[in-house]
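Written below as structure tokens is the structure these notes are about.
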Amino acid sequence: MKKLLLVMSASMLLLLGGCSFLNDAQNSLSYINDATDYLSAATEFASDAPALAQQAIGDIQAAEDFQTMLQDMQQTVEAFNELQAPDIAAELHQQIIEQNSAIITEIETYLNNFKDGLLDPAILENTELFQSVQDITNIIEQIQQLGQ
């Protein structure tokens, strides 16, 4: 009876340890998928936003669309910052948060430079927003490599 109890206890400990390992792997995979989704959103933003910003100087509808795009990206950035990174990606996640801080600041700068419904053309001289979005691409690609 003691041997059976000992074997069952050992089996339970191994099972619980295995569950923890599987849970960690699942959390890492989930984070990598979230980072990949974020990379897609950031890449699309970096690709589409400059042209729309240019149109937003003289076209009210384009200006409204650009404001919506900026607000959506800001929400996407803030949501990514709230993710809980697995230990293996914690340092890279912190680097993304730092870049995201610059992105949020630049988005707010753009949002504050609409006059009479149109984007102030002087703001287009500031290309840091699009460069900051491009910079996170390299970091997220490093995160994706963690899953391979």
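Annotation: side chain to side chain donor-acceptor pair (under 3.5 Å) contacts involving residues 54-67, sequence neighbours excluded, comprise Gln61-Asp65.
In this structure, Ser101 contributes its side chain and Ile97 its backbone to no donor-acceptor pair below 3.5 Å. Side chain of Ser47 to backbone of Thr43: no donor-acceptor contact under 3.5 angstrom is found.
Here the shortest heavy-atom pairing between Leu124 and Ala53 reads CD2-CB, 3.7 Å. The two residues Ala46 and Pro50 have their closest heavy-atom pair at O-CD, 3.2 Å. Scanning all heavy atoms of the two residues, the minimum distance from Ile107 to Gln74 falls at CD1-N, 3.8 Å. Considering all non-hydrogen atoms of both residues, Phe66 and Ala56 come closest at CB-CB, 4.1 Å. In plain terms, the two heavy atoms of Ala41 and Thr76 that are nearest each other are CB-CG2, 4.1 Å. Taking each heavy atom of Gly117 and Ala63 in turn, the nearest pair found is O-CB, 2.9 Å.
Surrounding CD of Gln71 are more than 12 heavy atoms belonging to other residues, nucleotides or ligands, all under 6.0 Å away. Asp116 CG: 12 or fewer foreign heavy atoms inside a 6.0 Å radius. More than 12 heavy atoms of other residues, nucleotides or ligands shown are found within 6.0 angstrom of CD on Glu78.
A chain of hydrophobic side-chain contacts below 4.5 Å, direct or via other Ile, Leu, Val, Met, Phe, Trp or Tyr residues, connects Ile57 to Ile123. Linking ILVMFWY residues whenever their side-chain heavy atoms come closer than 4.5 Å, directly or via other members, leaves Ile60 and Leu119 in distinct clusters. Residue Leu52 is not grouped with residue Leu118 when hydrophobic side chains (ILVMFWY) are merged at heavy-atom distances under 4.5 angstrom, including chains of intermediate members.
A heavy-atom distance below 4.5 Å is found between the side chains of Tyr31 and His93. Residues Leu92 and Gln95 form a side-chain contact, since some pair of their non-hydrogen atoms from C-beta on lies under 4.5 Å apart. Side-chain atoms of Phe114 and Leu70, non-hydrogen and from C-beta on, do get closer than 4.5 Å to each other. Ile96 has its side chain within reach of Asn100: a pair of non-hydrogen atoms, C-beta onward, lies under 4.5 Å apart.
A parallel orientation is assigned to the rings of Tyr38 and Phe80, their planes being inclined by less than 30° (bins at 30° and 60°).
Atom CD of Glu44 sits about 10.0 Å away from atom CE of Met73, to the nearest 0.5 Å. In this structure, CG in Asn81 is found 9.0 Å from CD in Gln94, a value given to the nearest 0.5 Å.
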Check against side-chain contact (heavy atoms from CB on, under 4.5 Å), Thr109 and Leu129: CA-CA 9 Å; Thr109 299; Leu129 171 61; over 6 Å; no
